[in-house]
Colleague: 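Dropping a structure here in structure tokens format, bear with me for questions.
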Amino acid sequence: SEEGNIDYQLLQSTDEDTLTFVEKWESPEALQKHMASPHFQSFGAESGEFVENMEIQVLDATELKL
């Protein structure tokens, strides 16, 4: 329900060892605002060992031609 967020999904691998967050944002600026927000920063600080190997990939589908 955050401003600029279009879709959010949390996926778990079949071995239950990996979580993947898939998010769709209105714009790169909306994503940057989210990543700078107090609740996102707090999530990172409080998640400790669970996010120590976290990898963030930002993908742009606007140029995708199928």
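Atoms considered below: every heavy atom in the structure, side chains included; atoms not considered: hydrogens, waters and symmetry mates. From a predicted model like this one, the values you see are computed outputs, not experimental measurements.
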Colleague: Hey, could you give me the CG/CD distance between Leu31 and Glu2, rounded to the nearest 0.5 Å?
Modeller: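 Separation between the atoms: 9.5 Å.
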Colleague: Can you name the closest pair of heavy atoms from Met35 and Gln41 and give their distance?
Modeller: O-NE2, 2.6 Å
Colleague: Looking at every heavy atom in both Ala30 and Gly4, which two are closest together, and how far apart are they?
Modeller: CB-CA, 4.0 Å
Colleague: Just by modelled atom types, is the Pro38 backbone N or O under 3.5 Å from a matching donor or acceptor in the Ser42 side chain?
Modeller: no
Colleague: Report whether Val58 and Leu19 are members of the same hydrophobic cluster (ILVMFWY, side-chain heavy atoms less than 4.5 Å apart, transitive linking).
Modeller: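 Both belong to a single hydrophobic cluster.
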Colleague: Considering only distance and modelled atom types, tabulate donor-acceptor pairs under 3.5 Å from the side chains of residues 5-12, sequence neighbours left out.
Modeller:
unit_1	atom_1	unit_2	atom_2	d
Asn5	ND2	Asp7	O	3.3
Asp7	OD2	Gln9	NE2	3.1

Colleague: Should His34 and Glu3 count as side-chain neighbours, where that means a heavy-atom distance under 4.5 Å?
Modeller: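 Sidechains of Glu3 and His34: no contact.
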